[in-house]
Amino acid sequence: MASNLVSKLFRPPLTQLVCLRSGCLFRGKGAAAAATGTRSSSSGSPPEKISRYPIPYKKDLPYDIVELMEEVESKGGFLPNVFKVLSHRPAEFRAFFAYYNELMNKDTGRLTKADRELIVVATSIHNRCLYCVVSHSALHRIYSKNPTLCDQVIVNYENADLAPRERAMLDFAMAVCRCDTITEQHFKSLEEAGFDREDAWDIAAVAAFFAMSNRLAHLTDMRPNLEFFNLGRIPRDKSKDKAGDGN
């Protein structure tokens, strides 16, 4: 079960991530740091605090959660801090990632993975959530192959180089995020951009779920992994890979 879930939860190309392996919080000395909500630093500097709540020891976590974490880290090259922070409450951890998976990795509807990540970034900016803005900007860069669009959206999505379809999508997502009164005009604007009412539900559900996620990040003072900041910004030099394969 964990294998199926992890393949859906964390799908960025491994070649983007494999060289970015971080110090593992749940091994050796990292486990001691876990009890205080910190993570180890490979530079010898003081441990970085990633949550104001305790990060559980690996040995104290349920097996299915440990299995999922280890698979995510193995496939992605590092373990996103949201897994560590939310493991403080295992039952809620499971519920959170089950719903996340349903919203962000479904194969139906007209929203692409890049669309979903763009919604997260735009609404998380409104909610001032550092963790979600940084981490989901990275995922958008990877899925969209566009290294600059999210930066524009972070400053002001209304001035970003968005396609009309993307603009209509974010206008609706922001209306949900702000708790505007949703009217038939909102649905009409989406339909004119090529979306239907099921797509509207998907857009709203992503905005609503991450409103909750943003607030949990505020509560816990969750900090993004440093690895997220550079992901997807510089295209990989495939010629170097070919040269390396020949050695």
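Values below: every heavy atom of this structure, side chains too, minus hydrogens, waters and symmetry copies.
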J.: Calculate, to the nearest 0.5 Å, the distance between atoms CG and NE2 belonging to Asp171 and His186 respectively.
T.: 8.5 Å
J.: Which is it for Leu139 and Lys113 under the side chain to side chain contact (heavy atoms under 4.5 Å, CB included) test, yes or no, and what are the steps along the way?
T.: CA-CA 9 Å; Leu139 293 176; Lys113 289 185 180 299; over 6 Å; no
J.: Should Leu216 and Glu92 count as side-chain neighbours, where that means a heavy-atom distance under 4.5 Å?
T.: no
J.: Walk me through whether Leu170 and Leu162 qualify under side chain to side chain contact (heavy atoms under 4.5 Å, CB included).
T.: CA-CA 10 Å; Leu170 292 189; Leu162 297 169; 3.8 Å; yes
J.: Does the side chain of Ile154 reach to within under 4.5 Å of the side chain of Ser137, using non-hydrogen atoms?
T.: yes
J.: Could you check if a side-chain atom of Tyr131 sits within less than 4.5 angstrom of a side-chain atom of Thr220, using non-hydrogen atoms only?
T.: no
J.: Any idea which heavy atoms bring Asn127 and His218 closest together, and the distance?
T.: O-NE2, 2.7 Å
J.: Please examine the side chains of Glu70 and Glu67, heavy atoms only from C-beta on, and report whether any two atoms are closer than 4.5 Å.
T.: no
J.: Is the centre of the Phe187 ring less than 6.0 Å from the centre of the Phe195 ring?
T.: no
J.: Please report the C-alpha distance between Arg116 and Glu102 in whole Å, then the side-chain angles of each, then the deciding distance to 0.1 Å, and finally whether the salt bridge (charged side-chain N to carboxylate O under 4.0 Å, His left out) criterion is met.
T.: CA-CA 12 Å; Arg116 296 172 197 275; Glu102 287 300 316; over 6 Å; no
J.: Do Arg110 and Glu191 sit within salt-bridge range, that is, some charged N less than 4.0 Å from a carboxylate O?
T.: no
J.: Hey, what do you get for CZ (Arg165) to CG (Leu111), rounding to the nearest 0.5 Å?
T.: 6.5 Å
J.: Using the ring of each side chain (for Trp, its six-membered ring), is Tyr100 parallel, tilted or perpendicular to Phe96, with breaks at 30° and 60°?
T.: parallel
J.: Looking only at side-chain N and O atoms, does Asp115 offer a donor or acceptor that is under 3.5 Å from a partner on Tyr143?
T.: no
J.: Looking only at heavy atoms, what is the nearest atom pair of Ile182 and Ala175, with distance?
T.: CD1-CB, 4.0 Å
J.: What are the two closest heavy atoms between Ala168 and Ala193, and how far apart are they?
T.: CB-CB, 3.6 Å
J.: I'd like to know whether Val85 forms a side chain to side chain contact (heavy atoms under 4.5 Å, CB included) with Tyr53, so could you lay out the CA-CA distance, the side-chain angles of the two residues, the decisive distance to 0.1 Å, and finally the verdict.
T.: CA-CA 7 Å; Val85 175; Tyr53 281 80; 5.8 Å; no
J.: Can you tell me how far the CZ atom of Arg223 sits from the CG atom of Leu130, to the nearest 0.5 Å?
T.: 6.0 Å
J.: Search all heavy atoms of Asn146 against all heavy atoms of His140 and return the closest pair with its distance.
T.: O-ND1, 4.5 Å
J.: Can you name the closest pair of heavy atoms from Asn225 and Asn81 and give their distance?
T.: OD1-N, 2.8 Å
J.: Look at Arg167 together with Glu158 and state whether they make a salt bridge at an N to O cut-off of under 4.0 Å.
T.: no
J.: Do Pro62 and Arg94 come within less than 4.5 Å of each other through their side chains, counting heavy atoms only?
T.: yes
J.: How far apart are the closest heavy atoms of Ala173 and Thr123, and which atoms are they?
T.: O-CG2, 3.9 Å
J.: So, does Asn101 use its side chain to make a donor-acceptor pair with the main chain of Phe97 at under 3.5 Å?
T.: no
J.: Answer yes if Trp201 and Val120 sit in the same cluster of Ile, Leu, Val, Met, Phe, Trp and Tyr residues linked by side chain heavy atoms under 4.5 Å apart, and no otherwise.
T.: no
J.: Quick check for you: to the nearest 0.5 Å, what is the distance between Leu231 atom CG and Ile142 atom CD1?
T.: 4.5 Å
J.: So, does Ser87 use its side chain to make a donor-acceptor pair with the main chain of Lys84 at under 3.5 Å?
T.: yes
J.: Considering only heavy atoms from C-beta outward, does the side chain of Met104 approach that of Phe210 to under 4.5 Å?
T.: yes
J.: Nearest 0.5 Å please: distance from the OG atom of Ser213 over to the CE atom of Met222.
T.: 6.5 Å
J.: Considering only NZ, NE, NH1 and NH2 on the basic side and carboxylate oxygens on the acidic side, decide whether Lys49 and Asp221 come within less than 4.0 Å.
T.: no
J.: Using the rule given for side chain to side chain contact (heavy atoms under 4.5 Å, CB included), can you reason through Phe83 versus Glu73, listing the C-alpha separation, both sets of side-chain angles and the distance that settles it, and then say yes or no?
T.: CA-CA 10 Å; Phe83 287 86; Glu73 184 171 11; over 6 Å; no
J.: Are Leu226 and Val133 grouped together when hydrophobic residues (ILVMFWY) are joined by side-chain heavy atoms under 4.5 angstrom apart?
T.: yes
J.: Between atom CG of Leu118 and atom CD of Glu166, what is the distance when rounded to the nearest 0.5 Å?
T.: 6.0 Å
J.: Do any N or O atoms from the side chain of Asp196 and from the backbone of Glu198 form a donor-acceptor pair under 3.5 angstrom?
T.: yes
J.: Could you tell me if the side chain of Pro224 sits less than 4.5 Å from the side chain of Phe229, heavy atoms only?
T.: yes
J.: Check the hydrophobic clustering (I, L, V, M, F, W, Y; side-chain heavy atoms under 4.5 Å; chains of links allowed) and say if Val206 and Met212 are grouped together.
T.: yes
